[in-house]
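First comes the structure, then the notes that go with it.
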Amino acid sequence: MAAQALESIECSLQPLDLAFHPTKNILAAALVDGTVEFHDFTSRFTPPTALGYAQGSGAAKAAEDDDEDEDDTILSSIDVHTSEKPKYKMKSSTVQANAAPSCKAVLFDAYNNGQNLYTAGNGGTIACLDVDRASSYNTSDNSILWKEDNASPYGINILHQLPNTCPAGPLLVSGDDEGVIRLWDVRLCGGSNSTSSAIGQTKTGLDNLMQLPKGCVASFHENKDYISGFAVDTNGTTLLSSSADGTLSVIDLRKNSNSSNNNNGDKGKPGPLKSVVKSGPFHFIRKSDDQEDELLSLCLLKGGRKVVCGTQDGILSVWSWGTWGDISDRFPGHPQSIDALLKIDEDTILTGCSDGVVRIVQIHPDRLLGVLGDHDGFPVEKLKFSSEKKLVGSVSHDTSIRLWDASILTEEDIDEDDKGDSSMEDTEEASNNVAMGVAAAHRRNTYDSDGEWEDMDDSDDDSMSDDSDDSDDEMDTKRGKPSKFKTENEQFFQDL
């Protein structure tokens, strides 16, 4: 099973992240040089083959050339993070000197009809753009609404928005390159760059450690490596984060929950809060055991009962909700690291692997359903759905954003392919049985090569046949049946 590959979106430089607008046919791309590009992908819904041209034919290529000449997808390009200085921890002077600014994450505000776009860079900065102005060349220069220059002590790697069901509202969540997680009330961001003290008006030499940036309502630093993924339960009360340090972290999002840190809803004890943590109205529940493998992606399945993480070794690690110590299951099979996960439904996900293949995988029962497409051997770094899940976008280590037709991921298509996969599995099982039978026959032939073993087998066979006959007679007698039919003479003498 493979999806229809639509025409790619070509960016000016390598994109590190992408985001689809929730209502419009536009997408935002975070580029490696710190710029943000807006593209219109309306024309990508209809590939040349759908217009009646044969794939690879001259008419199809001519149609593609016409599209390139007449329909450039780029709408605007904005220098959002190009002037920032990257922030690293304990890096060599050579790395610092060669470091360049980049935009690492983009996210449309899903609860504001996509009117705002949030961006983050490796200089620890978060910015907010007005989408209507940013998506036009004429007004893009004045599209930045606000910018927090010191939003995080290190470069920010990922952005996530909490659902409306969260008791604290749709807060913005950021995760940086050194494991710092911060929650933001964007209504408080912008304006003055001043920070508010957490211990009062008196300033001391430790003030910088006790302050949070404007708009930041909570900060946690429980991880030792970059934050790779976020997920929230359906009630919006628990935030999960995966980290490259090999642990899964759990944060309680209920207001004023930090007054009862011992109530964690987990079978284990919560980890102690560190002195550098400013939990605000939330509290850190605990971390999982060290999996000794980098957790690179995160997804919730089975109605929130299962937590799935992609790892560096190509294994899907599965946790059961509420049992955060160690994994409950693991699904190996990917040849390289699983850098991206995208949820299709409660049982099925897309996996982006470092071998460049986007796979369709089912969890519990675990099986590979098919392949959506590939990036010609380049690692798949990000996977995103467009609005209404019509397209799947993916980015790799080139300048293209590849688009895939998501109609193949509908339930009917997957069910049909499941039947084919089941027959294939039956065939594989039959092949395994044949192989086992061949091995058993080989062992028997080895034993039969010795005459002594042959005689023993013959005697054993005779004795077994006699025993079986006797046992058959005994069974017939117990059932009240005669062992054999008697002749008339035998019946006559028996009567006498």
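Residue numbers start at 1 and run along the sequence shown.
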When you compare the side chains of [X] and [Y], does any donor N or O come within less than 3.5 Å of an acceptor on the partner?
X      : Y      : result
Thr35  : Asp33  : yes
Thr351 : His334 : yes
Gln161 : Asp109 : yes
Asp233 : Thr237 : yes
Ser317 : Thr311 : no
His81  : Thr119 : yes
Asp339 : Ser337 : yes
Gln14  : His397 : no
Ser219 : Arg182 : yes
Asp405 : Ser407 : yes
Ser320 : Ser328 : yes

For atom [atom1] of [X], is the number of surrounding heavy atoms from other residues, nucleotides or ligands below 6.0 Å larger than 12?
X      : atom1 : result
Lys390 : NZ    : no
Asn150 : CG    : no
Tyr111 : OH    : yes
Arg133 : CZ    : yes

To check you understand the geometry: which heavy-atom pair defines the closest contact between [X] and [Y], and what is its length?
X      : Y      : value
Cys103 : Leu16  : O-CD1, 3.5 Å
Gln336 : Cys353 : O-SG, 3.5 Å
Ile363 : Lys302 : O-NZ, 3.0 Å
Lys343 : Phe385 : O-CE1, 3.3 Å
Trp184 : Lys214 : CZ3-O, 3.6 Å

| field | side-chain hydrogen bond (donor to acceptor under 3.5 Å, both in side chains) involving Lys382 - partner list, sequence neighbours excluded | value |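 Lys382 satisfies side-chain hydrogen bond (donor to acceptor under 3.5 Å, both in side chains) with no residue once adjacent residues are dropped.
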- Message: Taking side-chain hydrogen bond (donor to acceptor under 3.5 Å, both in side chains) as the definition, give me every residue that meets it alongside Thr23, ordered by chain and number, with sequence neighbours left out.
- Response: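 Only His21 meet the side-chain hydrogen bond (donor to acceptor under 3.5 Å, both in side chains) criterion with Thr23.
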Taking C-beta and beyond as the side chain, do [X] and [Y] meet within less than 4.5 Å on heavy atoms?
X      : Y      : answer
Val371 : Val358 : no
Ser249 : Asn223 : yes
Leu240 : Leu300 : yes
Asp329 : Ile327 : no
Leu171 : Val217 : yes
Leu409 : Ile360 : yes

Within the side chain of [X], is there an N or O that forms a donor-acceptor pair under 3.5 Å with the backbone of [Y]?
X      : Y      : answer
Ser386 : Leu391 : yes
Asp345 : Thr348 : yes
Ser143 : Leu129 : no
Asp245 : Lys224 : yes
Glu381 : Val395 : no
Lys287 : Glu222 : yes

Check the angle between the aromatic planes of [X] and [Y] and answer parallel, tilted or perpendicular using the 30° and 60° thresholds.
X      : Y      : result
Trp146 : Tyr118 : tilted
His375 : Trp404 : perpendicular
Phe108 : Phe38  : perpendicular

Phe220 and Phe282: aromatic ring centres closer than 6.0 Å?
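Phe220 vs Phe282: aromatic centres not under 6.0 Å.
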Exercise. Could you tell me the separation between the NZ atom of Lys306 and the CG atom of Asp347, rounded to the nearest 0.5 Å?
Key: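 Between Lys306 NZ and Asp347 CG, I get 12.0 Å after rounding to 0.5 Å.
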Practice prompt. Pick out which of Thr73, Asp72, Asn25 makes a side-chain hydrogen bond (donor to acceptor under 3.5 Å, both in side chains) with His39.
Written response: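 When side-chain hydrogen bond (donor to acceptor under 3.5 Å, both in side chains) is applied between His39 and each of Thr73, Asp72, Asn25, only Thr73 qualifies.
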